[in-house]
Amino acid sequence: MAQERGHIPLPRADAIRSHLIDTFSLIEHLQGLSQAVPRHTLREILGLPNYFFVIDPSLQKKLMSGDQHQLVRFSIKPRHMGHITHSQRMLSRLRVRCSQRPPLSLWAGWVIESILLCHLFLLWLSLISNRSYLLKIHHLPHISEYNCTDGRNSFILEILLMWLFGFTLYWNNAWNVFDFVVTMLSLLPEFVVLMGVSGNSVWLQLLRISRVLRSLKLFARLRQMKVIILALARALKSMTFLLMLLLIFFYIFAVTGVYFFQDYSRSTIENLEYNMFFSDLLNSLVTVFILFTLDHWYAVLQDVWKVPEASRVFSSIYVILWLLLGSIIFRNIIVAMMVTNFQNIRNELNEEMTHLEIQYKADIFKRQIILRSAMCSNPCYFSTCFLRQNLFPESVRRESQGKHSEDLLGHSKESVVSDPEKKDASKSDDVDKSDDVDKSDDADKSDDADKSDDADKSDDADKSDDADKGDDVDKSDADESDAKQDEDGKGQKEPPKAKANTSSSSAATSSYSSSLADLDHADNLDWETLVHENLPGLMDMDQDDRVVWPRDSLFRYFELLEKLQYNIEERKKLQEFAGEDLRQPWGQEPQLLLF
Amino acid sequence: MISAITTNAAFVVLKTDYNIHYRMFQIFEISEILFVSMYTCEFLMKVYVDPIKYWRDGYNLLDMVIIIIILIPYTLRKIKGRFYKNLNIADGIQSLRILKLISYSRGIRTLITAVGQTVYTVASVLTLLFVLMYIFAILGFCLFGVVERGDLNNWGNLASAFFTLFSLATVDGWTNLQEQLDKRKFVVSRVFTILFILIASFIFLNMFIGVMIMHTENSIKKFQRELMVERHVTLMEEKQVILRRQQEEVNKLVTTQKTGGKNFTQLVEEFKKTLRHTDPMVLDDFGASLPFVSIYLSTLDNQDNTLNKLQKLYYEIVNVLCLMLEDMPQEKTSHSS
């Protein structure tokens, strides 16, 4: 595929080309199978909102009923767990912003978040009320149920508020479900009494006692306890098979115990302390558990030996085997599994935290890049931008501010490229300037690269370009590159060339907003390390990170990117030549110095 | 099969109760015949299918052992008569039938393979413990068991000495044993007991825990690493396959007669004409996203600028050195002259 250029095969260029083929399904098109190309994405078919075009149900129906055999392009990206709360999301919704009165759910959210401390206090009050409850159980004159009802009412209020805030959200959180269950349990006796059932049945008293569970809600609030409880739940979940195996062994030894100790259970000798220990299956099960906890096993064994009919060999084999297998080996296996599980959980939590941090940093980085072009180019900003280590302060060109116009809120990261007029103006600027610069120049391959850079950038920037103009520029590109390919670069950088350089660099790298908090950190690093640090986070695009391209511009973009790779390669070669050329004067130096 | 085994296990449980056994013994007989026939049929069929490889799988061996166990009470009754003393033992082992269940559950199988790898270490620790107990048993026997006023009950012979020591190791009821020794006024006994408890209980029995933690950690890590590597390798292979296929197809297209031997750009010229500007394409691909474009172009520009500066610096150096060179002969001539 690189044979057209007659050059060394570049893997990067090949990758870009194969990407182009893939995106446009060129193979199917060229083979004449145009109908085998997916035309729509999954989101269109399912009617999920796409911020570029609104899906109305009629269009969706048309899509679905149009061609039964059409292909749909799947792409499933993860959804990032953001630090964006539900209330923030609601604040940015169009419906909320344009309505005359704010919805009640916003107020509910505010109330919930602001009285969190009050809640802790109330929960502590409920703890106290439980104590008074205990007093009541002991038939002592109790203080009053005032605290009880107060706490209960506040719990009901909290549940109602949370429902107002977001009904489906409420049920997604397990802690909320637990809250709900406990509150309902505490309310149930009152309802039942209302319906006429007698208020003194045992069942109702049990239900009343379950109010004690309310104090467990206190634990949900403290974050540390939450983590520990979650870790415990996960550890238990992973130990289910171990516990099943343990149950199987309990069963085996219980049943075997009944049979082995039949003579012992039926013996008529007096003062056998543990006579009924193996009499029945249930008793045998309890005994097996007692032996599992290593409690008085030798006493039981000696008791069994008192009966002459019981065979000593088998009984001691039974006991020793169960001790070794059950209480020594199994218990240590359980401990080992819990330890490894806790370690795994800790590692996973750390990984999650680092992952979140990486994503957060990548988001900040993205925002920096996007903001820089929106900022007005102010010379004083250049001194603060982190390019100062690489560049000399340049005269910044007033350039296309509307290069990228996007939604800066950060919620919806889909960018719609628009502003055709500005882009056209800037593009003509670019093309003119670079044309001038080129014509006034002696050949240097880097010039070509710059020009193609310029042309590329302007092409890329103006996504609403028409293909012809881009073709023209590219053709002139190709011509000039062909013409200048074999010229030996003198390596002299002339001022206009430098200006082209600076202008191109300034075009691409305007100042960064110094108001961003991370700028300090960015200042201390150079560009390369910053990019490398944030690259994994950037590449981890999530669901909302979609870009809308016009088709022909996308095609041009891929083509130009591929050509850029070849250009860069050639430029490297030429710079090598330039370096060799530079060595000539050096070669004479030592001789001159010698004498 | 799983339900059959569970029902069998339930029946075994019910048989333990004498009343139920008495009243419903016919049902038990019939079910017993049914289950035994099921197990034997399964065994015979599996052996018939694959006589040689059958014996390699551990769970098949377990099946065979269980069938042998099932046949034991019957054979014992036949051989030794109905009132053999140890018949209840044979009946007791029937509870092992439930072990057939574990071959049907993948979770337990992985658990057992994982635990089974620790068997060697466990066995070695147990052997070490046994040796230690042997030493102390002989010692205890000589100290406390041989003497006339000694505690013959607990230390009289080797077996009881072993039991006593095991009772000390699993620190259960050891105070009673120690009291017995104290009653007989053995001076050394306290040191002996405490020493043994320290060594056996604190050190050895907790060595178990350490060893098992190490092994479980190792096996889990190895398992996860293998999984990741496998996944990565398959992913890479699939990607390579797709790329290669693509290249082949394009080459084929280029070289077929139908397309007249044009090269790639010419082929797609026509396709390009069909692309309309207002046709949107929604991409979530990193290579076509805005951050990538900005970063890439910025990096290229940075490279340019760095090279530019570098070249400037070089030329400056060269200039300065040239100047120095010019000055030097003048000095020399001024010196010599």
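Below, chain A is the first sequence line, B the second, and so on; all start at residue 1.
- With a threshold of 4.5 angstrom between heavy atoms, L111(B) approaches chain A through side-chain atoms but not through N, CA, C or O.
- Using a 4.5 Å heavy-atom cutoff, the side chains of M324(B) and L321(B) are in contact.
- D17(B) does not touch chain A: none of its heavy atoms, backbone or side chain, sits under 4.5 Å away.
- When the ring-ring contact (aromatic ring centres under 6.0 Å, His included) test is applied to H215(B), no partner is found at least two apart in sequence or on another chain.
- Taking the ring-ring contact (aromatic ring centres under 6.0 Å, His included) definition, one finds that F241(A) meets it with nothing, sequence neighbours left out.
- Heavy atoms of I242(B) lying under 4.5 Å from chain A are absent altogether.
- For the set F253(A), F249(A), W297(A), the count of heavy-atom pairs under 4.5 angstrom toward chain B peaks at W297(A).
- For F292(B), the part sitting under 4.5 Å from any heavy atom of chain A is the side chain, from C-beta outward, and nothing else.
- Among the candidates Y251(A), F314(A), F558(A), the residue making the largest number of heavy-atom pairs closer than 4.5 Å to chain B is Y251(A).
- Using a 4.5 Å cut-off between heavy atoms, I102(B) contacts chain A through its side chain alone, with no backbone atom that close.
- Side chains of S298(B) and D301(B): no donor on one and acceptor on the other come within 3.5 Å.
- Contacts between V211(B) and chain A at a heavy-atom distance below 4.5 Å are absent for every atom of the residue.
- Both the backbone and the side chain of L294(A) come within less than 4.5 Å of a heavy atom of chain B.
- In this structure, the portion of L126(B) lying under 4.5 Å from any heavy atom of chain A is its side chain and not its backbone.
- Using a 4.5 Å cut-off between heavy atoms, I89(B) contacts chain A through both its backbone and its side chain.
- Contacts between T164(B) and chain A at a heavy-atom distance below 4.5 Å involve backbone atoms as well as side-chain atoms.
- Of the two parts of I328(A), only the side chain, counted from C-beta on, holds a non-hydrogen atom closer than 4.5 Å to a non-hydrogen atom of chain B.
- With a 4.5 angstrom heavy-atom cutoff, Q94(B) does not touch chain A via any of its atoms.
- A9(B) touches chain A through backbone and side chain together, each having a heavy atom under 4.5 Å away.
- No other option in T240(A), V335(A), I320(A), D263(A) has as many heavy-atom pairs under 4.5 Å with chain B as I320(A).
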